[in-house]
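Order of the sequence lines fixes the chain letters, A, B, ..., with proteins taken first and strands second; residue numbering starts at 1 for each chain.
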Amino acid sequence: MHAGTPIAVIRRSPSEWASRRAVVQGWVRTRRDSKAGISFVNLSDGSCFDALQLVVPNTLANYATEVLRLTAGCSVEAEGTLVQVQGKDGTVGVEMQVEKLQVHGFVEDPDTYPIQPKAHSMEFLREQAHLRSRTNTFGALGRIRHTMAQAVHRYFSDNGFFWIHTPIITASDCEGAGEMFRVSTLDLANLPRTPDGKVDFSQDFFGKESHLTVSGQLNVECWALALSRVYTFGPTFRAENSNTSRHLAEFWMIEPELAFADLKMDADCAEGLMKAMFAATLTERHDDMKFFVERVDKEAITRLEKFCAAPFERIDYTEAIRLVERAAAGGHKFEYAPFWGMDMQSEHERYLTEQVFGKPVVVMNYPKDIKAFYMRLNDDGKTVAAMDILAPGIGEIVGGSQREERLDVLDARITEMKLDPAAYWWYRDLRRYGSVPHAGFGLGFERTIAYATGLGNVRDCIPFPRTPKSCAF
RNA sequence: UCCCCUGUAGCUCAAUGGUAGAGCGGGCGGCUGUUAACCGCCAGGUUACUGGUUCGAGUCCAGUCGGGGGAGCCA
């Protein structure tokens, strides 16, 4: 085996590689034969959007036996000399005059190889998730996803945040962010029972009920009250029966937590983070973004440029409701009439972010009755320091809040919402020992990618999507 | 979970209740520094499944399963 040169490295500086020898390894996209005695093989190794054209002469020993049998998907290794070529549009390109070509693996039955050089529907590709990585779309998606993840870590690290690895499995029954997946080693066909007939979880692996996490927030708060600025970034699980283009049962979430911070600093952080992610995408993955503009969403690049250029709109919930009410009074048709105190419907959120402002909107200070117990009560006694960021096209992309740091107020809220204070003993301890104002938020990674690429469905923004009734691959 | 749409060749889609079709992809041949190549020929089907209406069902009806869109829940 040779160590091949990534095609990305070659394409980055064609003039530097011209007339040099190299070995490239990858998968065939297309093959065209010329009776002038050569075949053209387009080879992709996924290192960048563009493939490399191999020019294969019929003088190779395996030309008739192997080269002429190459079809889309075959894996090959080619050795030869790189030459600079002039593209029809005047751009400088590079191709390889092949001197040796080794086939690692043929495609068993080219007739049924699912990834053909043509447009496939996203639904079909979802059913071919093990091979869709070889398409232009998912290659670009995979590279952009990587770049955005790197940008997340870079942004936080540059701003003094530490990455905290919060647990995937939790026996805490106080996360309260949604339906949870159970984690158990009990024999489902033969469950141990307590004398009163209930399942005896004391015999389970952890000696109590345990689940997959729905949020790392409570855990990461513990570390914020020690390392000051922290974040989690990892998989999160919701067993909700949600069948939409914006929901996954397993998704990745970014949850920073800032000590000595209020809601405004929280929103600043969210805005800075998203802009850093998109700026990195625009500069580092221009080739892939160009493809999304051509084939998926014409606005993909200009949308991100606009996103990065202007400050987010920031309004209070009360003002947001006023705007929606005024629109309704002015004849705008909503299915649900807006009123102060309601949890805004998608249609209201869409109206604000798409019609009124045409850019991301931070909505702050929601009525306390529609928000979680841990959100900090404002001085008006009616609202909490919560914020949602709404983006055109996908709706809610961030949910965050300043946390209630006063033990007496927190306890009152826990009681008010009929929760069990004892279950929150360690969370309450944070307020008993050196409590400080702090704030944080959750950013849905796949939703952010959907926004950036224009892909309309988060199921196409993760390599292997998990949704209700669907856990293939 | 609710509402709506949908299921035909490997893929994308046609077919008024009356013989199952095309383009792409694949195979063979021709042409060509080709690049969404082009030209000719060939192969490819239990029309998702089960039942019903009808002389006759891909088409109409009922049920089941799958897929999609919207809503709710949220990120």
Under 4.0 Å, heavy atoms only, any strand: does [X] hit a base, just the sugar-phosphate, or nothing?
{"X": "A/S121", "answer": "sugar-phosphate"}
{"X": "A/F124", "answer": "sugar-phosphate"}
{"X": "A/V458", "answer": "nothing"}

>> Less than 6.0 angstrom separating the ring centers of A/Y336 and A/H348, yes or no?
In response: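 No.
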>> Determine whether the aromatic ring centres of residues A/Y155 and A/H153 are separated by less than 6.0 angstrom.
In response: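 No, ring centres 6.0 Å or more apart.
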Taking the [atom1] atom of each, how far is [N] from [M], in whole Å?
{"N": "B/G44", "M": "B/G10", "atom1": "C1'", "answer": "9 Å"}
{"N": "B/U6", "M": "B/C61", "atom1": "P", "answer": "11 Å"}
{"N": "B/U8", "M": "B/U59", "atom1": "C1'", "answer": "11 Å"}
{"N": "B/U19", "M": "B/G56", "atom1": "C1'", "answer": "12 Å"}
{"N": "B/A48", "M": "B/C13", "atom1": "P", "answer": "15 Å"}
{"N": "B/C5", "M": "B/C74", "atom1": "C1'", "answer": "25 Å"}
{"N": "B/A57", "M": "B/U46", "atom1": "C1'", "answer": "15 Å"}
{"N": "B/C60", "M": "B/G18", "atom1": "C1'", "answer": "15 Å"}

Specify the separation, in whole Å, of atom [atom1] of [X] and atom [atom2] of [N].
{"X": "A/E95", "N": "B/U35", "atom1": "CD", "atom2": "P", "value": "14 Å"}
{"X": "A/D460", "N": "B/G67", "atom1": "CG", "atom2": "C1'", "value": "13 Å"}
{"X": "A/K469", "N": "B/U64", "atom1": "NZ", "atom2": "P", "value": "14 Å"}
{"X": "A/Q128", "N": "B/C11", "atom1": "CD", "atom2": "P", "value": "8 Å"}
{"X": "A/L131", "N": "B/G10", "atom1": "CG", "atom2": "P", "value": "17 Å"}
{"X": "A/N136", "N": "B/U35", "atom1": "CG", "atom2": "P", "value": "18 Å"}
{"X": "A/M180", "N": "B/C74", "atom1": "CE", "atom2": "C1'", "value": "15 Å"}
{"X": "A/N42", "N": "B/A37", "atom1": "CG", "atom2": "C1'", "value": "13 Å"}

Mind checking whether [X] and [Y] have parallel, tilted or perpendicular rings, split at 30° and 60°?
{"X": "A/F473", "Y": "A/F464", "value": "tilted"}
{"X": "A/F124", "Y": "A/H120", "value": "parallel"}
{"X": "A/F156", "Y": "A/F161", "value": "tilted"}

> So which one's nearest nucleotide on RNA chain B is more toward 5', A/R126 or A/E446?
Replying inline: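 Whichever sits nearer the 5' end wins; that is A/R126.
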> When you match A/E123 and A/Q97 each to their closest nucleotide on RNA chain B, which lands nearer the 5' end?
Replying inline: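 In this pair, the answer is A/Q97.
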Salt bridge [X]-[Y], side-chain N to carboxylate O under 4.0 Å:
{"X": "A/D287", "Y": "A/R11", "value": "no"}
{"X": "A/D288", "Y": "A/K290", "value": "no"}
{"X": "A/D343", "Y": "A/K371", "value": "no"}
{"X": "A/R238", "Y": "A/E179", "value": "no"}

> Can you find a pair of side-chain heavy atoms, one from A/F106 and one from A/V76, that are under 4.5 Å apart?
Replying inline: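 No, every pair of side-chain atoms sits at 4.5 Å or beyond.
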Find every protein N or O atom lying less than 3.5 Å from an N or O atom of nucleotides 25-32 of chain B, and list the pairs.
| unit_1 | atom_1 | unit_2 | atom_2 | d |
| --- | --- | --- | --- | --- |
| B/G25 | N2 | A/D111 | OD1 | 2.6 |
| B/U32 | N3 | A/D33 | O | 2.7 |
| B/U32 | O4 | A/D33 | O | 2.6 |
| B/U32 | O4 | A/K35 | N | 2.9 |

> A/E446 pairs by salt bridge (Lys or Arg N to Asp or Glu O under 4.0 Å) with which of A/R246, A/R459, A/R145?
Replying inline: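 That would be A/R145.
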> Using a cut-off of less than 4.0 Å, is there contact between a side-chain N or O of A/R32 and OP1 or OP2 of B/A37?
Replying inline: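 Looking at the OP1 and OP2 atoms of B/A37, one of them is under 4.0 Å from a side-chain N or O of A/R32.
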>> Does a side-chain N or O of A/N241 approach OP1 or OP2 of B/G72 to a distance below 4.0 Å, or not?
In response: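 For B/G72, neither OP1 nor OP2 has a side-chain N or O of A/N241 closer than 4.0 Å.
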>> Once pairs are restricted to Watson-Crick or G-U wobble with both distances under 3.5 Å, how does RNA chain B read as a dot-bracket string, [ ] for crossings and | for other-strand pairs?
In response: (((((((..((((....[..)))).(((((.......))))).....(((((..]....))))))))))))....
> Among all residues two or more places apart in sequence or in another chain, which pass the ring pair (Phe, Tyr, Trp, His ring centres under 6.0 Å) test with A/Y451?
Replying inline: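 Counting only residues at least two positions away or on another chain, A/Y451 forms a ring pair (Phe, Tyr, Trp, His ring centres under 6.0 Å) with A/F278, A/F307.
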> Which parts of residues 335-366 of chain A get close to RNA chain B, meaning a heavy atom less than 4.0 angstrom away?
Replying inline: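 Within this stretch, A/D343, A/Q345, A/S346, A/R350 sit under 4.0 Å of the strand.
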> Got a sec? Which of residues 242-256 of chain A come in under 4.0 Å of RNA chain B, heavy atoms?
Replying inline: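 Per residue number, the list reads A/S242, A/N243, A/T244, A/S245, A/R246, A/H247, A/L248, A/F251, A/M253.
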>> So, using salt bridge (Lys or Arg N to Asp or Glu O under 4.0 Å) as the criterion, who are the partners of A/D268 when residues are at least two apart?
In response: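 Listed in chain order: A/K264, A/R314.
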> Is atom CZ of A/R21 surrounded by more than 12 heavy atoms (other residues, nucleotides or ligands) closer than 6.0 Å?
Replying inline: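 Yes.
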> Above 12 or not: heavy atoms from other molecules or residues under 6.0 Å from CH2 of A/W17?
Replying inline: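 Yes - once you tally the heavy atoms of other residues, nucleotides and ligands closer than 6.0 Å, there are more than 12.
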> Per the side-chain hydrogen bond (donor to acceptor under 3.5 Å, both in side chains) rule, which among A/N136, A/N42, A/T135 passes with A/R29?
Replying inline: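 Output: one option passes, namely A/N136.
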